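First comes the structure, then the notes that go with it.
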Amino acid sequence: MSKGKLITPDGWPLTPNRIIMGNALIEIGAADELRFQREVLKIARILKKPK
């Protein structure tokens with residue numbers, strides 16, 4: 001925990017809204033949504049890396 005946010009082992013801050021959104025995506029469970037979620041996370045991690 002840091003400043004009211006749960007921090008993942010990778011250093012990502014999780015606000016309550018992010019947790020709810022992640023849970024909603026998991027509940028939808030459709031293959032297309034999961035594939036899209038993986039792509040978005042992959043791109044976000046690439047963009048987050050310092051240059």
Side-chain angles (χ1 to χ4, degrees):
M1 294 291 293
S2 176
K3 298 180 184 178
K5 296 178 183 175
L6 180 64
I7 307 297
T8 67
D10 295 334
W12 289 74
L14 295 177
T15 62
N17 287 339
R18 283 185 171 188
I19 294 169
I20 291 169
M21 175 64 100
N23 187 55
L25 289 171
I26 290 169
E27 285 186 18
I28 290 170
D32 290 339
E33 279 82 6
L34 291 175
R35 188 170 33 253
F36 176 73
Q37 177 187 12
R38 282 192 289 269
E39 287 298 316
V40 168
L41 289 173
K42 179 180 166 184
I43 292 167
R45 288 182 183 123
I46 291 169
L47 292 174
K48 185 178 178 183
K49 287 183 183 179
K51 294 182 178 183

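Quick caveat: nothing in here was measured; it's all calculated off a predicted structure. Note: hydrogens, waters and symmetry copies are ignored here, and every other heavy atom, side chains too, is used.
The side-chain heavy atoms of I7 and L14, taken from C-beta on, include no pair separated by under 4.5 Å. Using a 4.5 Å cut-off on side-chain heavy atoms (C-beta onward), P13 and R18 make contact.
The distance from the OG1 atom of T15 to the CG atom of L6 is 10.0 Å, given to the nearest 0.5 Å.
Partners of L41 under the side chain to side chain contact (heavy atoms under 4.5 Å, CB included) rule, at least two apart in sequence or in another chain, are Q37, R45.
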